[in-house]
Student: 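I'd like to ask you about the structure that follows.
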Amino acid sequence: MASMEDRRWLTAAAELSRRSTPTLTNYAVGAIVVDRHGRVLATGYTGERDPRDHAEEVALAKIAAGPRLDLAEATIYSTLEPCTARRSRPGTCTDLILAHGIGRVVFALREPLIFADCRGAESLRDAGVDVHEIGSLGHLVREINAQHFIAAP
């Protein structure tokens with residue numbers, strides 16, 4: 001079940017996504033990985049290191065660069081549903097989350113059918129990950145990515 005703490009972290013991820021350079025080919029997304037004690041392990045946003053970077057990818061790369069952590073009780077907060085398809089790289093954010101053993105994912109908005117047909121929530125659930133969508137915060141993602149939602153359903 002999503003909590004007030006989940007809403008707080010997801011709102012913080014939305015604010016982080018504002019650092020993304022706006023483009024016509026990707027969404028501005030923010031991601032924060034938090035351990036079971038509420039400590040931030042890593043953050044990331046779209047294009048933080050490279051224009052092709054996804055937010056989850058950046059945050060998980062930061063974790064991989066440090067000491068090995070057991071992430072089974074960690075949560076990744078991502079403003080947009082983790083991708084299951086992408087054009088810029090072969091690995092998806094869903095694959096990375098599963099490879100790192102993250103036990104819980106919270107996001108605000110399912111990825112619209114603009115750039116890819118995404119099934120991140122279902123794929124993660126099928127793999128045993130605890131997934132929560134806080135749709136009431138989806139307006140933040142739409143606002144930050146308004147250029148993509150003008151003509152989108």
Student: Out of curiosity, Leu41 CG to Leu69 CG, how far, rounded to the nearest 0.5 Å?
Tutor: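 These two atoms lie 6.0 Å from each other.
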
Student: Using every non-hydrogen atom in the two residues, find where Ala59 and Gly44 come nearest and quote the distance to one decimal.
Tutor: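 Where Ala59 meets Gly44 most closely, the heavy atoms are CB-N, 3.9 Å.
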
Student: Counting C-beta onward and ignoring hydrogens, is there a side-chain heavy-atom pair between Leu16 and Ile32 closer than 4.5 Å?
Tutor: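 Touching, per the 4.5 Å side-chain cut-off.
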
Student: To the closest 0.5 Å, what do you measure between OG1 (Thr75) and CD1 (Ile102)?
Tutor: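 The OG1 atom of Thr75 sits 8.0 Å away from the CD1 atom of Ile102.
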
Student: For the CG atom of Leu96 and the SG atom of Cys83, what is their distance to the nearest 0.5 Å?
Tutor: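 So the gap between those two atoms works out to 8.0 Å.
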
Student: Which residues pass the side chain to side chain contact (heavy atoms under 4.5 Å, CB included) test with Leu98, sequence neighbours left out?
Tutor: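 Leu98 satisfies side chain to side chain contact (heavy atoms under 4.5 Å, CB included) with Thr94, Leu124, Ala127, Val129 only.
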
Student: Can you list the residues that meet the side-chain hydrogen bond (donor to acceptor under 3.5 Å, both in side chains) rule with Arg18, with sequence neighbours excluded?
Tutor: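 With sequence neighbours excluded, Arg18 shows a side-chain hydrogen bond (donor to acceptor under 3.5 Å, both in side chains) to Glu15, Glu143, given in chain and number order.
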
Student: Following the transitive rule for hydrophobic clusters with a side-chain heavy-atom cut-off under 4.5 Å over Ile, Leu, Val, Met, Phe, Trp and Tyr, establish whether Leu80 and Leu140 coincide in one cluster.
Tutor: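 In one cluster with Leu80: Leu140, no.
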
Student: For a side-chain contact (heavy atoms from CB on, under 4.5 Å) check, start with the C-alpha distance between Ser17 and Thr46, then their side-chain angles and the critical distance, and finish with the verdict.
Tutor: CA-CA 7 Å; Ser17 75; Thr46 304; over 6 Å; no

Student: Grouping I, L, V, M, F, W and Y whenever their side-chain heavy atoms are under 4.5 Å apart, do Ile63 and Val40 come out in a common cluster?
Tutor: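 No.
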
Student: Do side-chain atoms of Arg125 reach the backbone of Val131 as a donor and acceptor pair under 3.5 angstrom?
Tutor: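 Yes, Arg125 side chain to Val131 backbone: donor-acceptor pair under 3.5 Å.
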
Student: Without swapping roles, check the side chain of Glu81 against the backbone of Leu109 for a donor-acceptor pair under 3.5 Å.
Tutor: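 Not a single qualifying donor-acceptor pair exists.
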
Student: Please check: side-chain N/O of Asp53 versus main-chain N/O of Asp50, any donor-acceptor pairing under 3.5 Å?
Tutor: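 Yes, because the side chain of Asp53 sits within donor-acceptor range (under 3.5 Å) of the backbone of Asp50.
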
Student: Do Phe107 and Val141 come within less than 4.5 Å of each other through their side chains, counting heavy atoms only?
Tutor: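 They are not in side-chain contact.
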
Student: Mind checking the CG-CG spacing from Leu60 to Leu71? Nearest 0.5 Å is all I need.
Tutor: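 Rounded to the nearest 0.5 Å, the CG-CG separation comes out at 8.0 Å.
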
Student: Not counting sequence neighbours, which residues clear side-chain hydrogen bond (donor to acceptor under 3.5 Å, both in side chains) with Thr79? List them please.
Tutor: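 Partners of Thr79 under the side-chain hydrogen bond (donor to acceptor under 3.5 Å, both in side chains) test: none.
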
Student: Side-chain contact, heavy-atom cut-off 4.5 Å: Ser78 with Val105?
Tutor: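 They are not in side-chain contact.
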
Student: Just how far is it from atom NE2 of His54 to atom OH of Tyr45, taken to the nearest 0.5 Å?
Tutor: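 These two atoms lie 15.0 Å from each other.
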
Student: Using only atom types and a distance under 3.5 Å, with no angle test, would you say the side chain of Glu56 pairs donor to acceptor with the backbone of Cys93?
Tutor: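 No, the answer is negative, given that no donor and acceptor are paired below the 3.5 Å cut-off.
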
Student: Do Ile134 and Val29 sit in one hydrophobic cluster, given that two such residues count as connected whenever their side-chain heavy atoms are within less than 4.5 Å of each other, even indirectly?
Tutor: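 No, Ile134 does not connect to Val29 through the hydrophobic network.
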
Student: Give every residue pair that meets the side chain to side chain donor-acceptor pair (under 3.5 Å) criterion with at least one member in residues 61-72, sequence neighbours excluded.
Tutor: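 Passing the test, one end in residues 61-72: Glu48-Lys62.
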
Student: Excluding sequence neighbours, so at least two apart, what forms side chain to side chain contact (heavy atoms under 4.5 Å, CB included) with Arg36?
Tutor: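 Result, side chain to side chain contact (heavy atoms under 4.5 Å, CB included) vs Arg36: Glu73.
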
Student: Does Thr21 have any side chain to side chain contact (heavy atoms under 4.5 Å, CB included) partners at least two apart in sequence or in another chain, and if so, which?
Tutor: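 Applying side chain to side chain contact (heavy atoms under 4.5 Å, CB included) to Thr21 gives none.
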
Student: Which residues pass the side chain to side chain contact (heavy atoms under 4.5 Å, CB included) test with Glu5, sequence neighbours left out?
Tutor: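 Result, side chain to side chain contact (heavy atoms under 4.5 Å, CB included) vs Glu5: Ser3, Arg8, Trp9.
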
Student: Listed by chain and number, what are the side-chain hydrogen bond (donor to acceptor under 3.5 Å, both in side chains) partners of Thr92, not counting sequence neighbours?
Tutor: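 With neighbours one apart ignored, the set is Asp95.
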
Student: Could you work out, with salt bridge (charged side-chain N to carboxylate O under 4.0 Å, His left out) as the rule, every residue matching Arg7, not counting sequence neighbours?
Tutor: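 Here no residue qualifies.
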
Student: Just jot down the salt bridge (charged side-chain N to carboxylate O under 4.0 Å, His left out) partners of Asp35, sequence neighbours excluded, or say none.
Tutor: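 Applying salt bridge (charged side-chain N to carboxylate O under 4.0 Å, His left out) to Asp35 gives Arg39.
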
Student: Through direct or indirect side-chain contacts below 4.5 angstrom among Ile, Leu, Val, Met, Phe, Trp and Tyr, which residues connect to Val58?
Tutor: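 Val58 shares its hydrophobic cluster with no other residue.
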
Student: Evaluate side-chain contact (heavy atoms from CB on, under 4.5 Å) for Ile97 paired with Ile76, printing each intermediate quantity in order.
Tutor: CA-CA 8 Å; Ile97 289 166; Ile76 187 165; 4.1 Å; yes

Student: Who passes salt bridge (charged side-chain N to carboxylate O under 4.0 Å, His left out) against Glu57, sequence neighbours left out?
Tutor: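 With sequence neighbours excluded, Glu57 shows a salt bridge (charged side-chain N to carboxylate O under 4.0 Å, His left out) to Arg86, Arg89, given in chain and number order.
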
